[in-house]
Chemist: 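Pasting a structure here, questions to come.
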Amino acid sequence: MDIQNFIKPESNIVILTGAGISAESGIQTFRAADGLWENHCVEDVATPEAFIKNPALVQNFYNQRRSAILSANVKPNPAHYALAELEEKWGALNGGEALLITQNIDNLHERAGSRNVIHMHGELLKMFCTNCTLPMQNETAKKYDIQKDIDEHTLCSDCHESGTLRPDIVWFGEIPYHMDVCARALQNCDLFLSIGTSGNVYPAAGFVQEAMLAGALSAEINLEPSANASIFSTGFYGPASQKVPEFIQKLTAPPS
Ligand code: BV8
């Protein structure tokens, strides 16, 4: 199916990205053979309970990932740039909107030029204070930029307590951010494009059904078929750095 042929004027596109789009930039994915979850148990490092039980272990897990994404050899790849170009051009080309939602906590979409990135699972380069924040109010907490390690000595600049700061990450069991924005976009989208995600984590993995129930066409671009590949209208398989620019080039080419 040449999905590009089904796109009419004023079509809204929702793009969901996962760890796979950053793999070729040198950032580990989660569920690959050498993935993050191979060396760590989710329950030990990516839940609020884990943070209460062993804050040093959790901080260390995120400190390592934060310094990894800040290292000189981690840069956006052609897939990130292609999505930034789509965001910039789609309105003038088609009259529709292109909204980027990411499960990723790195800043590669922004570094590639994307200006409106919905980080539904939070951002590794931000933190908030658990002493200043009401319980379960992570999304509305005051956020601070952070590029260095957080540990039990890191002081909150507001309450001046130490040991109360945590990475601004949505852990398992916590409510993803911007779910209202995501729901509205999925209700009004004509094309849902999923890139570099295994389709294992909800509610993100359910977005394709939400979009299709609202009448959208859908495509996944992934190294291999994801857990929910059979739901998509079509799929394009191979490295994102090749397949995403190819797809965006066809989508934005003048009608033949
Ligand atoms: C919640 C931050 C309640 C941490 C992450 C049904 C409905 C709702 C919830 C659930 C449900 N069933 C189960 C749940 C609970 C749970 C869940 O989904 N568990 C799973 C494991 C079964 N969900 C939650 O707890 C969520 N919260 O449900 O709250 C609620 C919900 C809605 C409304 C009200 C209340 C919170 C989930 C968020 C958890 N936090 N991240 C951190 O990063 O450390 S999730 C984590 O997984 C990352 O964010 C990651 O992005 C995400 C998904 O993983 P992927 O991105 O897909 O990465 P993965 O490695 O799996 O796959 C990479 C893919 O890329 C592969 O397919 C590979 O082939 C491909 N690839 C590799 N290289 C390339 C490539 N593709 C192209 N090119 C390449 N070069």
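By convention here, the first residue in the shown sequence is residue 1.
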Chemist: Would you name the heavy atoms of N200 and A227 that are closest together and state the gap between them?
Modeler: OD1-CB, 4.1 Å

Chemist: So, are E174 and R166 salt-bridged, with charged N and O less than 4.0 Å apart?
Modeler: yes

Chemist: E24 versus P239: any side-chain heavy-atom pair under 4.5 Å?
Modeler: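 Yes, close enough: below the 4.5 Å cut-off.
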
Chemist: To the nearest 0.5 Å, what is the distance between CG (L165) and NE2 (H153)?
Modeler: 13.0 Å

Chemist: Compute whether any side-chain donor of one residue and acceptor of the other, for N77 and S241, lie under 3.5 angstrom apart.
Modeler: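 Side chains of N77 and S241: no pair found under 3.5 Å.
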
Chemist: Of all the heavy-atom pairs spanning G20 and A240, show the shortest one and how long it is.
Modeler: O-CB, 4.5 Å

Chemist: Just how far is it from atom OH of Y144 to atom CD1 of I150, taken to the nearest 0.5 Å?
Modeler: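 Reported to 0.5 Å precision, the distance equals 12.0 Å.
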
Chemist: What are the two closest heavy atoms between I101 and M120, and how far apart are they?
Modeler: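 That closest heavy-atom pairing would be CG2-SD, 3.8 Å.
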
Chemist: Could you check R66, K143, K126 and say which one makes a salt bridge (charged side-chain N to carboxylate O under 4.0 Å, His left out) with D168?
Modeler: K143

Chemist: Any idea which heavy atoms bring L223 and Y237 closest together, and the distance?
Modeler: O-CB, 4.0 Å

Chemist: Does a sphere of radius 6.0 Å around CD in E97 hold more than 12 heavy atoms from other residues, nucleotides or ligands, not counting ones at 6.0 Å or beyond?
Modeler: no

Chemist: Give, for atom CE of M127 and atom CD of Q59, the distance between the pair rounded to the nearest 0.5 Å.
Modeler: 9.5 Å

Chemist: Does either side chain, that of T130 or that of T164, offer a donor lying less than 3.5 Å from an acceptor on the other one?
Modeler: no

Chemist: Going from NZ on K75 to NE2 on H80, what distance comes out if it is rounded to the nearest 0.5 angstrom?
Modeler: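 That separation rounds to 13.5 Å.
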
Chemist: Considering all heavy atoms of both residues, which atom of T252 and which atom of L93 are nearest to each other, and what is their separation?
Modeler: CB-CD1, 3.5 Å

Chemist: How about L191 and S11: do any of their side-chain heavy atoms sit closer than 4.5 Å?
Modeler: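 A side-chain contact is absent here, since even the closest heavy-atom pair is not under 4.5 Å.
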
Chemist: For N138 and Y177, run side-chain contact (heavy atoms from CB on, under 4.5 Å): C-alpha distance rounded to whole Å, both residues' side-chain angles, the deciding distance at 0.1 Å, then the answer.
Modeler: CA-CA 9 Å; N138 303 5; Y177 293 164; 3.4 Å; yes

Chemist: Would you compute the distance between atom CD of E87 and atom CD1 of I248 and round it to the nearest 0.5 angstrom?
Modeler: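 Atom-to-atom, E87:CD and I248:CD1 are 11.5 Å apart.
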
Chemist: Which value, rounded to the nearest 0.5 Å, describes the distance between E220 atom CD and L16 atom CG?
Modeler: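 Rounded to the nearest 0.5 Å, the CD-CG separation comes to 11.0 Å.
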
Chemist: Measure up the F207 and F192 rings against each other and bin them: parallel (under 30°), tilted (30 to 60°), perpendicular (over 60°).
Modeler: perpendicular

Chemist: Report yes if the side chains of I13 and I7 come closer than 4.5 Å at any heavy-atom pair, otherwise no.
Modeler: no

Chemist: Could you check whether any side-chain heavy atom of L124 comes within less than 4.5 Å of a side-chain heavy atom of I169, counting everything from C-beta outward?
Modeler: yes

Chemist: For I221 and K243, work out which heavy atoms get closest and say how close.
Modeler: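 Reported closest heavy-atom pair: CG2-CB, 3.5 Å.
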
